[in-house]
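Comments concern the structure below.
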Amino acid sequence: MQIIESPKMYDAIIVGSGAGGGMATKILADAGLKVALVEAGSFFDPKDEATRTQLKFPWQSPRRGASSTRAFGDFDMSWGDWKVDGEPYTNKGDTNFFWWRARMLGGRTNHWGRISLRFGPDDFKHKDIDGLGENWPIGYDDIKPYYDRLDKLVGVFGSKEGLPNDPDGFFLPPPKPRLHELYYIKGARKAGVRVIPSRLSILTKRINNERGVCFYCSQCGRSCSMYADFSAGSCLVFPAMKGGQVDLYTDSMVRTVTTDKEGRATGVSYINKEDRKEYQLKGKVVVLGASACSTARILLNSKSSQHPNGLGNSSDVVGRYLHDSTGSSRGAFVPALMNRKTYNEDGVGGMHVYSPWWLDNKKLDFPRGYHLEIWGGLGMPSYGFGFNVTEMNKYIGGDIGGYGTKLREDVKRFYGATMGIAGRGEAIARYENRCEIDPNVVDQYGIPVLRFDYKWSDYERNQAKHMQQTFEEIFDAMGAEVMGETPGADKDYGLAAPGQIIHEVGTTRMGDNPKTSVTNSWSQLHDADNVFIVDAGPFVSQADKNCTWTIMALSMRTSEHIIEELKKMNL
Amino acid sequence: MVGTLAGASLGTAVSCKTEGEGPAVEQSAVSADEEKLYGRIPSELERDKRIMDSVYLNEHELATIAVLCDIILPATDTAGSAVEAKVPEFVEFIVKDIPSHQLPMRGGLMWLDIESNKRFNMVFQDCKNDQQIAIIEDIAYPDPDNKKPEMGPGIKFFNLMRNLTLTGYYTTEMGFKDLGYVGNSPNFWDGVPPEVLAEHDVDYEEEWLAKCVDQTKREVTAEWDDDGNLLT
């Protein structure tokens, strides 16, 4: 098979069009660079009627939105989930990592939770506090100007609270709490837990004329046809393409970064999924934003005589220090919410209030914090609605089971009377937890796949145990009945399997020492100065904050550094 | 041509508009064809077609399911029955879509006919209503003290039938109306209605509300001072 080379010379080739790649595309194209954006998935525009799921009713799906076709249900806007046809991954021994991939323009930003939290000053230097993991080579002051510009460029609602490690930004106003959220505020405060308005990248107010304003359908997970939530395609890539500087290659699966005799990058080699042929693009700079694990895979597959252990991997650190957020959750029945009057309580896509970490780990048996996310309300029924509803009667001394009029009454009595809390915490990044190339398995494009090897430690298990105690204290204080058994040590206290929270980061961590890190503090490979990483790979640690806002702020910072370096003829 | 060179379209055609103040939000009429679309990609359309073209439950099984559906959710003065909401059609599809339902459904239906034959020398579907109800009364409630051990499989089956009937019913237009779900339409959320709030032991605090969105200014472009205070 002949490799087909493009004669065009790009200033930058960007791999991946999600949060990191989308931001790099916007910054580099707006600065006048000629950019190739290479995306492994298909073209997607939330406005496209053919693929839109927003505002669809459950009866428009024959399975009523069940998860048998898409893992998070028929209406979730992710093409690809824990499994992608023809693109497997494996786990070593008895480990069990979950890896979500969205094969589409904008990647996972089309369905993400829009939770947009800045890392705080402590989050960049946590080793100084507890001696664990590693400090970032940069601090909050280095990234703050980019967070500020990001808030204004992309839009995020929230409130100024003055909390030292949960920095404020340039916020749009948050929506008013829903009814169950008012009960949560009251109960959580009684239990000593702070509650503040949530911080989500959803436009409660106009920020420009290109994007619409939220109309409160609560379906950000379906990607907004008004562009009122942040998705990388609609908010970054499309505006960037208006200037004519971007060539977009979709259904193009990057296999390797190509390098020259000096070991510097010359471009990328990719498989066109439609004709299954291999192509090469040439560029002065390669910017990898394929996702922490996909970028590690590309680097490890980019072996050459100059980079025998894979590109950027002289340290053998590529793929290591992989870590996901921790997660544990619980549901409860709130008697005060029985027999509710119904009204449109959809609100924005996600919670209107949340609890940032409120304790001091010095007094606890686990080193890092977690925040609390909540769900509940008069949501739209879909597959699973009504399952085992009569069992709720056990909380009020009613009869379990039945049919007919009694059953209809049960459904209405308990509709909107349940809620839940989920803890999302920081795990310690460990050398042993990694993804590597499986020596025996290739995907349908002949590209060697990733093998994961990831185990939780007692730090994460003890944290999950504490989450469960917190849930029960808050529910008790609300007068709510906790549902189900408390998950014990045998179940890791309900701790989700690694990868399941879909915040995997750290596989190409940054640092000043090339022996213990993959990139420098500009997310530039130590081993090849014209290769940069703009996904969550360079994260040294990920705080108990969702990673997207920091991916984008870092991508903006790295992209502007690339522009400066090109101007200085350093690249 | 290498790869796919696609252009961004930034048209304004969407299915709803939110211009102006207040809840004057319109949705364009949805044609019958559009009603059937739910944003599938080609591989998903193929999967749906494959499932729809396949057959699992037979006519007798589906007829029995219809009888059960209307025992579980009969019509009321204000709401139609499960059969009127086409729940049997949903059950027919979902057991093919989620194969783990197949054996419990088929075996449970057979168990029901065997039980009915034992008691009334007829399959369930052909029994009189009071005979059917006599069996249903024995399987519609849990039996924690194991007083009727021989009813165990029936109780398990009826629970599945009840779950699928409820889900199939309350995910229809008829079900939404019966439940009182009024969302999934563009609106401006401005808090819990005062008359609802009045019935509850919680309230909005002035300090909290002061942080929240003023819906009359939603279309006014955001501007901030250097300290992040919203000016507009």
Side-chain angles (χ1 to χ4, degrees), chain A residues 6 43 51-53 55-56 58-64 68-69 79 159 168-170 172-176 179 182-183 186 197 204-207 213 215-216 225-226 238 241 247-252 272 279 341-344 346-347 380-387 400-404 415, chain B residues 2-6 8-11 14-15 18 25 35 38-39 41 44 47-48 71-72 74 93-94 97-98 136 140-142 162-163 166-167 170-173 179-184 186-193 196 200-202 204 209 211-213 218-222 224 228 230:
Chain A
S6 165
F43 183 80
T51 50
R52 177 173 63 88
T53 58
L55 294 176
K56 300 288 180 185
W59 56 83
Q60 290 176 269
S61 149
R63 63 186 61 76
R64 311 295 163 87
S68 31
T69 299
W79 298 344
S159 57
D168 298 330
F170 290 79
L172 300 168
K176 292 177 187 171
L179 188 57
L182 289 174
Y183 276 97
K186 198 176 171 184
T204 52
K205 191 172 169 65
R206 185 168 289 285
I207 62 163
V213 183
F215 56 61
Y216 301 95
S225 59
M226 301 289 289
F238 296 163
M241 291 180 75
D247 286 350
L248 174 61
Y249 298 80
T250 51
D251 296 302
S252 301
N272 178 332
Y279 294 79
K341 270 187 188 149
T342 63
Y343 51 92
N344 186 342
D346 285 346
M380 179 158 55
S382 65
Y383 181 83
F385 181 90
F387 276 24
I400 298 170
Y403 56 95
Y415 175 49
Chain B
V2 288
T4 309
L5 205 60
S9 101
L10 287 168
V14 283
S15 64
T18 58
V25 176
E35 182 75 10
Y38 64 114
I41 58 174
E44 293 169 335
R47 178 170 190 269
D48 278 5
I71 289 171
I72 292 167
F93 177 86
I94 205 70
D97 188 54
I98 304 176
I136 296 300
Y141 303 91
R162 180 169 47 215
N163 282 347
L166 284 172
T167 267
Y170 284 102
T171 52
T172 64
E173 216 162 349
L179 186 66
Y181 174 75
V182 290
N184 196 34
N187 72 100
F188 306 139
W189 165 258
D190 204 22
V192 181
V196 174
H200 288 268
D201 193 21
V202 288
Y204 287 119
L209 284 186
K211 297 170 182 172
C212 293
V213 61
R218 51 185 270 112
E219 292 290 344
V220 183
T221 303
W224 298 265
L230 188 66

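As the structure is a computational prediction, the values presented were derived from the model and not from experiment. Computed over heavy atoms, backbone and side chain alike; hydrogens, waters and symmetry mates excluded. Residue numbers begin at 1 in each chain, while the letters A, B, ... track the order of the sequences.
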With a 4.5 angstrom heavy-atom cut-off, is it the side chain or the backbone of B:Ile72 that approaches chain A, or both, or neither?
both
Under 4.5 Å from any heavy atom of chain B - which part of A:Ser61:
both
Have B:Tyr181 and A:Asp346 got a donor and an acceptor in their side chains that come within less than 3.5 Å?
yes
Could you walk me through whether A:Ile207 and B:Thr221 pass the side chain to side chain contact (heavy atoms under 4.5 Å, CB included) test, one step at a time?
CA-CA 5 Å; A:Ile207 62 163; B:Thr221 303; 5.5 Å; no
Among the listed options B:Tyr204, B:Trp224, B:Phe93, B:Tyr170, the residue most often paired with chain A at heavy-atom distances under 4.5 Å
B:Trp224
Side chain / backbone / both / neither for B:Leu179 at chain A, heavy atoms under 4.5 Å
both
Measuring heavy-atom distances to chain A, does B:Ile71 have an atom under 4.5 Å in its side chain, in its backbone, in both, or in neither?
both
What part of A:Tyr383 lies closer than 4.5 angstrom to a heavy atom of chain B: side chain, backbone, both or neither?
both
Proximity breakdown for B:Val182 and chain A, heavy-atom pairs closer than 4.5 Å:
both
Test side chain to side chain donor-acceptor pair (under 3.5 Å), reference A:Arg64, set B:Thr171, B:Thr172, B:Asp97, output is B:Thr171
So, do B:Arg218 and A:Thr204 sit near enough that their side-chain heavy atoms are less than 4.5 Å apart?
no
Check the orientation of B:His200 and A:Tyr183. Use parallel for under 30°, tilted for 30 to 60°, and perpendicular for over 60°.
perpendicular
I'd like to know if the side chain of A:Asn344 and the backbone of B:Trp189 have a donor-acceptor N/O pair within less than 3.5 Å.
no
